[in-house]
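Convention: sequence-line order gives letters A, B, ...; per-chain numbering from 1.
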Protein chains: 2
Amino acid sequence: MNNTTSEKVRRKPMTARELARMIGVSQSAISRAFTPGASIAPQLRAKILRHAEDVGYHPNAIASMLSKSRTNIVGIVISDMQNPFYPALIERLSRGLQRIGLQSLMFNITKGADLEEQLSALRRYNVDAVIIISATILSGPTLRWATEDRAAILINRVAEDAELSCVICDNIEGARAIADHFHEIGRRRIAYVAGLSHTTTNRERQSAFITRIAEHGMTLSALIDGGEYSYYAGRNAALDILARGETDAIFFANDILAVGGVDALQENGVRVPEDIAVAGFDDIAMAGWPHYSLTTFRQPIDTLVDVTVTMLEDGSCAPGKLPTIRRISGELIKRRSTMGAASPA
Amino acid sequence: MNNTTSEKVRRKPMTARELARMIGVSQSAISRAFTPGASIAPQLRAKILRHAEDVGYHPNAIASMLSKSRTNIVGIVISDMQNPFYPALIERLSRGLQRIGLQSLMFNITKGADLEEQLSALRRYNVDAVIIISATILSGPTLRWATEDRAAILINRVAEDAELSCVICDNIEGARAIADHFHEIGRRRIAYVAGLSHTTTNRERQSAFITRIAEHGMTLSALIDGGEYSYYAGRNAALDILARGETDAIFFANDILAVGGVDALQENGVRVPEDIAVAGFDDIAMAGWPHYSLTTFRQPIDTLVDVTVTMLEDGSCAPGKLPTIRRISGELIKRRSTMGAASPA
DNA sequence: GCGCGCATTGCATACGTATGCAAGATTGGC
DNA sequence: GCCAATCTTGCATACGTATGCAATGCGCGC
């Protein structure tokens, strides 16, 4: 079609058959030389690899996929790159997958557009597994459809009506830890700020937190749904709470909300933590910045990734297997936003 | 191998041949029904698509790739997800690519590891094009190797010794705009903070800025290489400058540095912008947050993406073509960090 | 020296779709 | 109503690797 002006002829890559003829072996031998554990004499393999190196032969992964019905590609479905937690997670996840020879095909979901169309590629590309990180958007039927007949893992959310394996931070443990911490530092009138209230992470954090608050005999002074997990939603929620008064500690459903909340409070002359203590969830990089020094419940990203990679490796998330839910312990990180200047920066 | 305990038999996906036999047409017809513009009667196509829908047939993209020698996959090489500019860019880029039917295969480069090994998959997977966003790391020979014989575009960096097409924001325009702005608001002793001094973006911004400073007869009071594009590098650089005194405006090579700088300055009692004005580059989301309200030169991400997508579409970055460099105009965003409270938040 | 077993190799075919070519079907013009 | 031109369709094969099976070669034990 468009080979109109190519100057250098784009030489077609060498095939195994060509290399085989060149060396005087069969094409099978070439294939075996590149297949770990295949039945081939070490010296023949060495010879083939040497020649391959010389002439720049690389096995064609596409042909291999077709032949093996295995792509070594994992589809990663995401929708929210605004929350820094997700880029951090995706970066480490893709590294973890690369370690075991898997590549990551990104499916960036746009709200409002036709989901099935966006995810149809997920099926056509025959990805070996699907990892869904999007906290929102995907409904049960869509989830089932997207993951039908293939390995699937949800990270940082649970499947409600679909039966899928999940790897999540223990939101209940985290929410309780925050509640306990607020109690310990003497706060009694507590507000909770949800991100998207219907997301599974929020539901777990919210209910565990409210329950624990009650167990401690503390007062839930405000319960706000920010409507999205964003800096500005956090700001607005904080201002709402401020307007009502009667709150001395706020637990934001995640760090990006909390960061917005801290800024809004401080701009309005509220001292954090003297007047209002603030805690978040995730431990994104920003939470550790001296300016925010935000107390938060750290999601152990590395562990989440390791567990996910292991589940893919051992096939425990293969289709037909019983789905498993792995709740990973996190860690309460106490910082200045609840402890005051006494704490380490 | 591991079909030991699969309960439901994983039914193999239907093939075009099976569907063809089922309907009583040839496999070619199936293929044509799914190929836009193929020679097939509309009613036959409709019939085939209807049956396909019924039985859940989806063309196997892998086989199609092998047959067409075209994958519709673009390899995206990245290395720095810490700087929020990159997640934002990648998100919009992958959306833009999806619009024209391309999927994004992510290659997350780890510093220090074997680059060729990490990028070898780039070749084996026969991606149609390579988009390199990593500002650092890739040397000329590696670049050439990774992009040999395939369409390639660099975003936000230029190729120095390799001959590759680039799409970049006009760093020179941006740096001059910042210098002009500093001059306009009456600053005269100016500091520049580099991120990684050897990156092409830094070189362009730095030299254009310094030149312009001199043209205005302003003093370059400090020139610091932060060593990396990070919040903490920005903090350290700001503290360095503070220790020397003699500076009333700082241009940080990008926003994440500037944000760190602003925090460090304010923690040390410096008023921004009264004592020291601060400007960055990129216009990441954070720069617009009321707390930072950072004057910056906005990289027009949407335009960068559109231009990139267009170059892929029209084949102007195909191998053998002369590489083109597209410099995209940006926009100076004046905010409180140079204008004071007078400016809009 | 013979036979057996194992390691190595090649042969042939499968994987599922795309497409050049030729044959058949349809249309339009006169 | 006939012929040519165009549109449709099927046939056959290509794409490049993986792998079951058979054949070969080698070493070892008796």
(request) Name the residue closer to the 5' end of DNA chain D, choosing between B:Ser28 and A:Pro59 according to the nucleotide with the nearest heavy atom. (result) B:Ser28
(message) Nearest to the side chain of B:Thr15, heavy atoms from C-beta on, is which of C:dG16, D:dG16, D:dG10?
(response) C:dG16
(request) In whole angstrom, give the distance that lies between atom CG of B:Leu19 and atom P of C:dA18. (result) 13 Å
(request) Find which nucleotide of DNA chain C each of A:Arg17 and A:Pro42 is nearest to by heavy atoms, and output the residue with the more 5' nucleotide. (result) A:Pro42
(request) Rounded to the nearest angstrom, tell me the gap between atom CZ in A:Arg32 and atom C1' in D:dG16. (result) 16 Å
(request) Report the C-alpha separation of B:Leu105 and B:Tyr125 in whole Å, then their side-chain angles, then the decisive distance to 0.1 Å, and conclude whether the side-chain contact (heavy atoms from CB on, under 4.5 Å) test is met. (result) CA-CA 9 Å; B:Leu105 200 58; B:Tyr125 278 77; 4.0 Å; yes
(request) Please tell me which of the listed nucleotides, C:dT17, C:dT8, D:dG16, lies nearest to the side chain of A:Ala41? (result) C:dT8
(message) Any base atoms under 4.0 Å from A:Ser69, or only sugar-phosphate, or nothing? Heavy atoms, all strands.
(response) nothing
(message) Side chain of A:Ser26, heavy atoms from C-beta onward: which of C:dC11, D:dA14, D:dT17 has the nearest atom to it?
(response) C:dC11
(message) Side chain of A:Gln27 only, heavy atoms from C-beta on: which candidate in C:dT17, D:dA18, D:dT8 is closest?
(response) D:dA18
(request) Give me the one residue out of B:Arg95, B:Arg99, B:Gln98 that meets side-chain hydrogen bond (donor to acceptor under 3.5 Å, both in side chains) with A:Thr110. (result) B:Arg95
(message) Heavy-atom nearest nucleotide on DNA chain D for B:Ala63 versus B:Ala29: which residue maps closer to 5'?
(response) B:Ala29
(request) Test salt bridge (Lys or Arg N to Asp or Glu O under 4.0 Å) on A:Arg150 and A:Asp128 and set out the steps. (result) CA-CA 7 Å; A:Arg150 42 176 45 86; A:Asp128 289 341; over 6 Å; no
(request) Using whole Å, report how far CD of B:Gln43 lies from C1' of D:dT9. (result) 13 Å
(request) Mind checking B:Ile40 for me? I need base, sugar-phosphate or nothing, with any heavy atom below 4.0 Å counting as a touch. (result) sugar-phosphate
(request) Please report, rounded to the nearest Å, how far the C1' atom of D:dT19 is from the CG atom of A:Leu66. (result) 14 Å
(message) Within the 4.0 Å heavy-atom criterion, would you say B:Ser39 contacts the bases, only the backbone, or no part of the nucleic acid?
(response) base
(message) From CE of B:Met14 over to P of C:dG16, roughly how many Å is that when rounded to an integer?
(response) 12 Å
(request) Look at A:Ser67 and C:dA14 and indicate whether a side-chain polar atom (N or O) is within less than 4.0 Å of OP1 or OP2. (result) no
(request) Taking A:Thr200 for its side chain and A:Val158 for its backbone only, find out whether a donor-acceptor pair lies under 3.5 Å. (result) yes
(request) Report the distance from atom CE of B:Met14 to atom OH of B:Tyr57, rounding to the nearest 0.5 Å. (result) 10.0 Å
(request) Look at all strands and tell whether B:Ser31 reaches a base, only sugar-phosphate, or nothing, counting heavy atoms closer than 4.0 Å. (result) base
(request) Would you mind classifying the nucleic acid contact of A:Ile62 as base, sugar-phosphate or nothing, using non-hydrogen atoms under 4.0 angstrom? (result) nothing
(request) Kindly point out which of D:dA18, D:dC21, C:dG16 is positioned nearest to the side chain of A:Thr35? (result) D:dA18
(request) Rounded to the nearest 0.5 Å, what's the gap from CD1 on A:Ile76 to CG on A:Leu89? Could you check? (result) 8.5 Å
(message) Just to be sure I understand the rule, does B:Leu44 reach a base, reach only the sugar-phosphate, or reach nothing, if contact means heavy atoms closer than 4.0 Å?
(response) sugar-phosphate
(message) Output the rounded distance in Å from NZ (A:Lys68) to P (D:dG16).
(response) 17 Å
(message) Given C:dG10, D:dT17, C:dT17, identify the nucleotide with an atom nearest to the side chain of A:Val25.
(response) C:dG10
(request) Compare the minimum distances between each of C:dT17, D:dT17, D:dT8 and the side chain of B:Tyr57, then state the nucleotide with the smallest one. (result) C:dT17
(request) Calculate the interatomic distance between B:Met65 atom CE and D:dT17 atom P; express it in whole Å. (result) 16 Å
(message) Tell me the interatomic distance from A:Arg124, atom CZ, to C:dA18, atom P, rounded to whole angstroms.
(response) 11 Å
